[in-house]
Structures are given as C-alpha cells and as structure tokens.
*Asks:* 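Right, I'll just put the structure down here and ask away after.
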Amino acid sequence: MKILGIETSCDETAVAIVEDGVNVISSVIASQIDLHAKTGGVVPEVAAREHVLKIIPVIDEALKKGNLDFHDIDAIAVTQGPGLLSSLIIGYTAALTLSKSLNLPIIPVNHIAGHIYSNWLDLNSIDEVEYPVLVLTVSGGHNDLVLLESPLEFKLIGETLDDAAGEAFDKTARILGLGYPGGPAISKAAENGNPHAYAFPRAMLNSGDFNFSFSGLKTAVLQTVEKFENNLNQQKINDIAASFQECVCEILIGKLRKATEKYNVNEVHLAGGVSANSRLREMLQEKMPNKKFRYTNKLSYCTDNAAMIAGVAYQYHMKNPDSYSKNTEAKPDPQLEPYQNQI
Ligand code: KG4
Ligand code: ZN
C-alpha cells in the first residue's frame, strides 16, 4: 500500500511516499530554517505563507522522485496536529483536496505518533519491532516518554512540565549567541568544551515520576552567562554548551533508564529532533548496554519529515482501516488518540 504523506506542522514543508509503513520511496523536505534564522525562531505567519508557496512543488517533486503519478497512490496521510494551526491548515487543505479529487481515503495523523514511529522507517517490515517498546520523543515542542504495549497503544508515562528539551537547546543557544536552530549549534560548540565545567541542576532527576522540567536549566545558563559580563570568550561558551548538553542528556537518559526498569520493555527507542544528538545516543549505549535500542540512521527522519507521517498512517490503516476518515480537520493540540491511555 503506497501512502502519500504531508507534514506542515511547523517550519518544514514535507511530502513523502512510503510503502507498507517502512519502504520510503521518496521523501522531500523544503526547510524554512534560513528564513527563521533571521528572527531567531519561527514566526507563524511567515511559516504559513512559505507553506502556501512550497506545498504544490513539494508534492510534485515527491511523485517525480518516486517515478510515480497520483494513480499509483492508495491513500493520503496528513499531520492533523499538534503544531501551529496556520501551518497545519495548509497541509490539511492540500490533503483534503487530493483526497476529494482523486477519491482516495485521508488518514489524519498525530505528529507525535509520527515521530514515535520514525524508527520503523529503517526496517524491512513493520513486524520487526518487539513490543512492549518505550519511546523517548524529544523535540522543540514536545518531550514525552511513551510506552507502546502493542501497535498504536500509546501510554503517556511522562512529559515535560514546562519547556521541552529541544526548546531548552534553542533558548540556550540564543543566550550563548550560537544561532538557530540551537540543537546542532550547541552540539558543535560542545565538541570543544568540558562537560564538567559547570554543575547545572539535574531538575527532577530523582522526583520518583517520569516527568521532566527544563526551564530552570535555561535560567541557570543565563545566570552563568550574566556573571561573565563582557568576559565571555569562545572557550567559556564551549564549556557552557558542553555542560548544558551533558545535563540534558543525563536527565533524559536517567529517566528513560528508570522507566525501562519499571516497565520491563523489550526495546527502547529515541525519536524527535533532539534524538539526532550524538551525545544522547552515546549515553543511551553507555547506560543501557544490555537493552535493545533503536534510533534512526537517517538524521532527516529525526527532525520533522513526511515519511514518518506516511509510515505511521500505515499502522493506523493496519489497526483499523475504518477509523480514520471521519476526523477531518486540523487541530493545534490533539491527544495521541484514538489509542492513547493515560496511566
Ligand atoms: O522534531 P523537530 O524537527 O520539531 C519539533 O517537532 O519540534 O525538532 C526540532 C528540535 C529543535 O529544538 C532543535 O534544536 C532540536 O530538535 N535538535 C537538536 C539536534 N538537532 C535538532 N537538539 C540537540 N542536538 C541536535 N543535534
Ligand atoms: Zn516534530
């Protein structure tokens, strides 16, 4: 089954065609990073206008790259939310238009479910993963620890109480003058820094639950920078970046390890933009050497992309082919429903 997926939840206009949930036939991403670097973050109206300009050319390119035309497509998948409503609406309108004009089913997909299933894009079949699986999904907008006991049976066991880890990376990079997006910039600066130079607080590491908090860390970085007044040189910036990164990774992996022990899962996955971080990946291997873990080999599948949307849409199709075409509007803050359970 070939599904054409559309993703426009934030600042990437992305379209992909994926067969049977794992085989990526084509994946095209028109990034707006350069546009938003000027303002140090995403301006929703600017993002939406850019999606309007890019969506049709990106759909065309995805078909062309896959050597396909619309008649080869079996269903249209689209990110329903969460995300910026003005951006979501552009992708959603394109998906509805394709669905109506081609008489194809539309599969609305939760963006976080897409991230959670991004690791399946490296596999040969959706059946290769052994449930139960624990997935740490860390991005600019979300920071969730999700237990999957069977396909699409999401149990949210922990989330951030304030900032997401990616947001902390972005804000810290701004404080250090390292530019946008902050994750890759901090990671690069950290390569030449001492991760033990500053003892930033490991907030909630021993809170006994699986929730996170990163807003205090950002304030701690700000206070450290302010102490230097005009004496902040490149080495100090590198040391702060490395110490910040070490702190975030210790908190994320520390909680993931405790949750792994409690829920006795078969596999542990990292997903979302922050999962591209090489120190986070390294620490997962260091701290959980005996666990089966996965993170995608393609960095473009960690950050926002449409392959993960078309991929998870196939999971929705396999679970319940009749469930999806009823819920047809973009939503800024949907739950991981219909399959989410809170515990
Ligand atoms: O998943 P994503 O593309 O968008 C959201 O759904 O939010 O994630 C973007 C986030 C940004 O905050 C960015 O700074 C972070 O992922 N990120 C990283 C790295 N690459 C991207 N954070 C840490 N290290 C990286 N290498
Ligand atoms: Zn995302």
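Ligands are counted one by one from 1 in listed order, and the atoms in each one are counted from 1 as well.
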*Asks:* Please confirm whether Tyr117 and Tyr314 have ring centers closer than 6.0 angstrom.
*Replies:* no
*Asks:* Checking Lys2 now: which residues fulfil salt bridge (Lys or Arg N to Asp or Glu O under 4.0 Å) with it, not counting sequence neighbours?
*Replies:* Glu19
*Asks:* Does anything in residues 44-55 form a salt bridge (charged side-chain N to carboxylate O under 4.0 Å, His left out)? List the pairs, not counting sequence neighbours.
*Replies:* Glu45-Arg49, Glu50-Lys54
*Asks:* Return all protein N, O or S atoms below 2.8 Å from the Zn ion (ligand 2), chain by chain in residue order.
*Replies:* His111 NE2, His115 NE2, Asp304 OD1
*Asks:* Is Lys64 paired with Glu61 through a side-chain N to carboxylate O contact shorter than 4.0 Å?
*Replies:*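 Salt bridge: no.
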*Asks:* Would you confirm whether Tyr92, through its side chain, and Glu329, through its main-chain N or O, come within 3.5 Å as a donor-acceptor pair?
*Replies:* yes
*Asks:* Examine distances only and state if a side-chain atom of Asn238 and a backbone atom of Ala190 form a donor-acceptor pair shorter than 3.5 Å.
*Replies:* no
*Asks:* Could you check whether any side-chain N or O of Lys255 sits under 3.5 Å from a backbone N or O of Met204, counting only pairs where one atom can act as donor and the other as acceptor?
*Replies:*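 Present.
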*Asks:* Check this for me: does any side-chain nitrogen of one of Asp163 and Lys218 sit under 4.0 Å from a carboxylate oxygen of the other?
*Replies:*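 Yes, this pair counts.
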*Asks:* I'd like the residue list for ligand 1, meaning every protein residue with a non-hydrogen atom under 4.0 Å from the ligand.
*Replies:* His111, His115, Ser139, Gly140, Gly141, His142, Gly166, Phe169, Asp170, Gly182, Gly183, Pro184, Gly273, Val274, Ala276, Asn277, Cys302, Thr303, Asp304
*Asks:* Take atom CZ of Arg281 as the centre, draw a 6.0 Å sphere, and report whether it contains more than 12 heavy atoms from other residues, nucleotides or ligands.
*Replies:* yes
